[in-house]
Amino acid sequence: MLILFALTAAAFAGMAHADTVDRGLSAAGGPSAKPSAPHAVPGFSPSPPGGSPAASATPASPAEPPPPPHPTLEQRLADLTLEQRVGQLFMVAAKADGSDSSAVADLLNNHVGNIYLAGRSEAGVAAAASVVSKLKAAVSPAASRGLPLSVATDQEGGQVQVLKGPGFLPIPAALDQGSSSPEQLRADARNWGSQLLQAGVNVDLAPVMDTVPGPEFAPSNKPIGAFKREFGFNAAAVAEHGKAMAEGLRDAGVAPVAKHFPGMGRVTLNTDVSANVHDTETTRTDPNLMPFKAAIDAGLRWVMISNAYYDKIDPENVAPFSAAIMRTMLREDAAFTGIIVSDDLCNAVQLSPWSVGDRATKFIAAGGTMVLCADPASVPAMFTQVLQRAQADPEFRKSVDAAALTVLQVKDGK
C-alpha cells in the first residue's frame, strides 16, 4: 500500500507541474504567477534551450501533453490590449543627451512602443548607450507586454548626424558618400551601424532616397539639396548608393529607413519650417521613385513618408493623409509590406492647419503604420484620439490592428 500511495502521489505531482509551467503572461495581461521565471514574449526573446539542468536531465513522461505551439503573430496581437496596440503605433522623440528621459519614460509606461534620439549629442557611444539603457529600464513590463522598443536616430551624415563623440566616426554628407564606390560605402555603413548598435540604437532614419534633379537646383531645394543630403543627381546614382548604405546598416544589425517617399528632391520649401509645400511634378509612375523601389526589393522594411503635397498624385491631401500614396503607391505598386513611418507630425509647420490628434488619426486611417512625433508633450492627445476612434469606429479599428500587426512582424524579423 505504501508503494501504491507513493506512485499515486508522484503522478499527481507531475500533473500539478504540467499545469504550472510558466507561460510568460496571463491571459488577463498580468505577469505569470511564477515569480522566479524570466519574463519573455515568444518570438521576440527566445528562451534558452533545455531549461534548468534538472528539467533537461529528466525525460518527459509519455503521459504529459506536448508543449504549446509557438504562438503566431496574430495570437500575439490578440494578447495585446487596445491601448498596447495603439502604443506600438507611436515613435516619440527622446533628447539624445537624456535631459527629458523622465518624461519619455512616462510615455513608455503608458504603452508608447518606440523612440528616436533627437537633437545633438557629442558625448559618445557610452553616454548614448546609458540614455537608452535608462529608458528601457524605466519601462514596466506590463506597459507593452514585453515587446522590444524600436530605438531610432537620424544618423545620415554631414549636418544630419545626431550622435557624435568618442566611439562615433564622423559621417560625411550623402553627396560625398556618393563619390565612394558602393562596396566601400556598404563597408563604411556597416561600421557606422555597428557604432549605433553599441549605443542601443537599432533603427537609423536613413538613407535619404530623394533625387535632386541637378547641382544647379540643389541650393534651392531647401530640405535636401541645400544640406547635401542626396547621393547624386539622378535616380540610378541615388538607388545604387542609397541601397549600399541600407545594406551596410543591415549588415550591422540596424534597420535602415528609406525617406522621404515619394520624394522631396523637387520642392523648394522645407515642410519642417514652411506651410503649403507642394511638389508639382512627381507622378505615380515617376522615374525618381526607382530608388525607393530598389530598396524595397532588396528587403528594406521601413519607409518614411514626406509631409509635402503631390499635385499630380493627390492634390487634396498631404502625403501622410493620402491613401493614394500609402495604400496604392507603396502597398500595391511597390509591394511594400513593412512599416510606413511618418515624418514628424508634431512640429512640422506644414501640418499646422490640423490638430495633433487629427494628424495621427488621418495618418493611420490613410494607411500609415507608425506616427513619429518630435514633441513628447503632444503624444498623450494623439494617443487618446487614436484610442477613442478605434473604440468607436470598427473600420478605423481594423486599420489600427493591421498597423499593429505590421509592427509586430517587423520587430519579429519578418
Side-chain angles (χ1 to χ4, degrees), residues 85-94 107 112-118 150-154 156 203-206 208-210 223 255-264 267 270-275 277 279 292 300-310 313-314 317-331 334 336 338-383 385-386 389 396 399-400 402-404 406-407 410:
R85 298 179 197 198
V86 171
Q88 290 298 309
L89 310 189
F90 283 86
M91 175 176 277
V92 62
L107 294 174
V112 170
N114 313 280
I115 61 173
Y116 75 102
L117 301 183
S150 287
V151 181
T153 197
D154 280 292
E156 297 174 19
V203 178
D204 190 2
L205 302 173
V208 168
M209 291 295 203
D210 307 317
V257 181
K259 60 187 187 184
H260 309 79
F261 189 87
M264 289 286 285
V267 302
N270 187 339
T271 57
D272 289 341
V273 296
S274 300
V277 180
D279 175 313
F292 296 99
L300 180 139
R301 303 296 288 143
W302 295 69
V303 172
M304 179 181 284
I305 295 294
S306 154
N307 276 337
Y309 283 97
Y310 291 84
I313 299 171
D314 186 354
N317 295 294
V318 288
F321 306 161
S322 173
I325 288 173
M326 293 189 289
R327 294 190 191 278
T328 302
M329 292 178 64
L330 259 182
R331 295 299 191 206
F336 179 62
I339 290 173
I340 301 175
V341 61
S342 74
D343 202 343
D344 174 34
L345 293 190
C346 290
N347 290 342
V349 174
Q350 171 86 338
L351 301 178
S352 54
W354 296 273
S355 71
V356 291
D358 283 348
R359 298 174 205 179
T361 54
K362 282 177 170 290
F363 174 69
I364 293 169
T369 310
M370 189 179 292
V371 172
L372 185 146
C373 179
D375 176 28
S378 297
V379 171
M382 298 177 104
F383 182 98
Q385 188 160 327
V386 171
R389 183 166 171 186
F396 185 75
S399 295
V400 167
T406 297
V407 175
V410 174

Least distance between heavy atoms, P262 atom then M329 atom: CB-CE, 4.2 Å
Heavy-atom pair with the smallest gap, counting every atom of M264 and A308: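 Looking at all heavy atoms of both residues, the shortest contact is SD-CB, 3.9 Å.
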Flag side-chain contact, heavy atom, 4.5 Å: Q350 against V277: yes
Set of side chain to side chain contact (heavy atoms under 4.5 Å, CB included) partners for N347, sequence neighbours left out: D344, A374, D375
Residues that Y116 engages under side chain to side chain donor-acceptor pair (under 3.5 Å), provided they are two or more places apart: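 Checked Y116 against side chain to side chain donor-acceptor pair (under 3.5 Å); zero matches.
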I364 to R327 - nearest heavy-atom pair and separation: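 Where I364 meets R327 most closely, the heavy atoms are O-NH2, 4.0 Å.
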Heavy-atom closest contact (G263 atom, D210 atom, distance): CA-OD1, 3.3 Å
Min side-chain heavy-atom separation W302-V410 under 4.5 Å: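 W302 vs V410: side chains touch.
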side-chain contact (heavy atoms from CB on, under 4.5 Å) partner of N307, chosen from V318, L345, N270, V349: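 Result for side-chain contact (heavy atoms from CB on, under 4.5 Å) with N307: L345.
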Shortest non-hydrogen separation from V379 to V112 and the atoms involved: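 Between these two residues, the closest heavy atoms are CG1-CG2, 3.9 Å.
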Aromatic ring pairing F261/F292, orientation class (parallel under 30°, perpendicular over 60°, tilted between):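 Perpendicular: the ring planes of F261 and F292 meet at over 60°.
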Side-chain donor or acceptor of K259 paired with backbone N/O of V303 under 3.5 Å: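 No: the side chain of K259 does not pair with the backbone of V303.
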Salt-bridge present (R389, D358; N to O < 4.0 Å):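 So R389 does not pair with D358 through a salt bridge.
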From CE (M326) to OG1 (T328), nearest 0.5 Å: 10.5 Å
Minimum-distance pair of heavy atoms, taken over all atoms of P320 and A366: O-CB, 4.3 Å
Interatomic spacing from CG in N317 to OH in Y309 - rounded to 0.5 Å: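 Reported to 0.5 Å precision, the distance equals 7.5 Å.
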Side-chain heavy atoms of V267 within contact of P223, under 4.5 Å: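 A side-chain contact under 4.5 Å exists here.
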